[in-house]
There are 2 protein chains.
Amino acid sequence: MTEAIRAAVFEELAAVGYARMSIEGIARRAGVGKTAVYRRWRSKLHLVLDIVSALAVQGLPAPDTGSLEGDLRLLYEVTSRALRHPVASQVIPDLQAEAARNPEIAEALQKALREGQDGVATGIVTAAVRRGELRQDIDHDLALDLISGPLYWRSVVIRGPKPPKEYLGALTRATAGALKAL
Amino acid sequence: MTEAIRAAVFEELAAVGYARMSIEGIARRAGVGKTAVYRRWRSKLHLVLDIVSALAVQGLPAPDTGSLEGDLRLLYEVTSRALRHPVASQVIPDLQAEAARNPEIAEALQKALREGQDGVATGIVTAAVRRGELRQDIDHDLALDLISGPLYWRSVVIRGPKPPKEYLGALTRATAGALKAL
């Protein structure tokens with residue numbers, strides 16, 4: 001039943017957003033009583049925090065292709081698909097917006113990012129430094145921004161159409177160029 | 001009075017977000033009656049659309065320093081300050097979240113982006129192509145993502161502390177490197 005409620009939270013978040021979401025709506029969608037929800041989570045906030053943490057643990061696969069460009073390309077293929085999922089493309093901006101005024105959600109999102117996208121990007125940079133493809137003293141924070149920013153901008157901020165296949169190849173070359181210029 | 005109401009909308013958006021914002025709250029904050037608001041705008045949606053369009057027209061100054069790196073550096077200084085403004089850092093994610101489920105807000109935001117941030121970035125790329133610093137057939141969409149994505153990721157998504165001065169310099173060099181690798 002916990003899984004049915006979790007799935008209902010995602011659907012409800014995507015449909016109406018955090019601010020308008022209610023425990024009643026979640027229970028209705030999950031086909032359970034309100035009490036069943038409250039028995040597991042104290043409030044809407046705790047439910048969403050739990051969901052965000054679960055996402056982080058699940059994480060993204062860490063690429064290990066043996067080259068910086070190969071790893072970046074794989075990361076972009078996985079991320080591009082994930083960000084285009086209708087639930088992700090509605091829920092992520094919504095949680096971002098809540099994070100701007102709710103420190104608990106902000107902290108849970110930071111943690112999910114560090115363990116998810118940022119964790120994978122850090123692994124890619126560390127492996128490339130070990131292979132001598134990038135400088136030992138590279139600025140890791142800036143490297144993560146260069147890796148994650150452009151595809152997020154295109155998929156979530158601009159909300160452009162699905163980028164053509166060549167886009168991810170060119171993005172990979174450009175990002176490798178940026179990291180090597182650091 | 002129109003200006004007082006516009007200012008109140010910004011403050012109310014930052015404080016409670018679009019979903020929870022009401023015409024009553026805006027009128028109270030602006031010190032006017034509800035009728036004064038409804039006389040100018042039909043609904044909360046129209047008020048916000050009007051504000052977003054006004055932002056776009058105001059725009060960002062177009063840098064013209066004579067070099068790609070100089071132009072990027074100036075753009076990053078202005079954008080970094082703008083994104084760190086408390087109102088921007090709360091209102092932008094909120095409108096992004098609404099855009100995911102409201103096509104009218106999505107369209108107004110796209111237009112504001114094209115006329116604001118993206119318009120300036122396009123100007124920088126076009127000038128660099130004219131000077132021979134970048135290839136004639138550069139992919140403009142990808143170039144905009146490379147220019148705008150990383151600082152947005154750092155400031156709005158990660159919500160990190162104010163980046164040190166050297167950060168903007170390194171970001172400028174890295175982005176110029178990425179654009180030249182295209």
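Each chain gets a letter, A, B and so on, in the order the sequences are listed, and its residues count up from 1.
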K.L.:
Looking at B/A170, B/A176, B/A99, B/P150, which makes the most heavy-atom pairs under 4.5 Å with chain A?
P.N.:
B/P150
K.L.:
Examine whether an atom of A/I138 lies under 4.5 Å from a heavy atom of chain B, and if so say whether it belongs to the side chain, the backbone or both; otherwise answer neither.
P.N.:
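For A/I138, there is no contact with chain B at all, as no heavy atom is under 4.5 Å.
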K.L.:
Do A/L74 and A/Y167 land in one hydrophobic cluster if side-chain heavy atoms of ILVMFWY residues count as linked below 4.5 Å?
P.N.:
no
K.L.:
Can you name the nearest heavy-atom pair linking A/D94 to B/R101, along with the distance?
P.N.:
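Closest approach of A/D94 to B/R101: OD1-NH1, 3.3 Å.
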K.L.:
Does B/I105 share a hydrophobic cluster with B/L47, counting links as ILVMFWY side-chain heavy atoms below 4.5 Å and allowing steps through other members?
P.N.:
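Yes, B/I105 and B/L47 fall within the same hydrophobic cluster.
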K.L.:
Counting only heavy atoms from other residues, nucleotides and ligands, does the tally under 6.0 Å from CD of A/E107 exceed 12?
P.N.:
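Not more than 12 within 6.0 Å, no.
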K.L.:
Which atoms of A/E166 come close to chain B, meaning under 4.5 Å heavy atom to heavy atom: side chain ones, backbone ones, both, or neither?
P.N.:
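For A/E166, neither part sits under 4.5 Å from chain B.
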K.L.:
Return the OH to OH distance between B/Y152 and A/Y152, rounded to the nearest 0.5 Å.
P.N.:
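Result: 6.0 Å between the selected atoms.
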K.L.:
Kindly give the heavy-atom pair with the smallest separation between B/Q96 and A/V157, and that separation in Å.
P.N.:
NE2-CG1, 3.3 Å
K.L.:
Strictly less than 4.5 Å between heavy atoms, which residues of residues 15-30 of chain A line up against chain B? Please order them by number.
P.N.:
A/A15, A/V16, A/G17, A/Y18, A/A19, A/R20
K.L.:
So which atom in B/A174 and which in A/A181 form the shortest heavy-atom distance, rounded to 0.1 Å?
P.N.:
CA-CB, 4.2 Å
K.L.:
For A/P93 versus B/A97, what's the shortest heavy-atom pair and its separation?
P.N.:
O-CB, 3.5 Å
K.L.:
Which bit of B/D118 comes within less than 4.5 Å of chain A, counting heavy atoms only: side chain, backbone, both or neither?
P.N.:
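For B/D118, the contact with chain A is made by the side chain alone.
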K.L.:
At a 4.5 Å cut-off on heavy atoms, which part of B/L171 comes close to chain A: side chain, backbone, both, or neither?
P.N.:
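Its backbone and side chain both get close to chain A.
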K.L.:
Most heavy-atom pairs under 4.5 angstrom with chain B, which of A/D141, A/L109, A/L179?
P.N.:
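The residue among A/D141, A/L109, A/L179 with the greatest pair count is A/D141.
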K.L.:
Looking only at heavy atoms, which of residues 142-149 of chain B get nearer than 4.5 Å to chain A?
P.N.:
B/L142, B/L144, B/D145, B/L146, B/S148, B/G149
K.L.:
May I ask you to decide if B/I158's main-chain N or O and A/Q110's side chain share a donor-acceptor pair within less than 3.5 Å?
P.N.:
yes
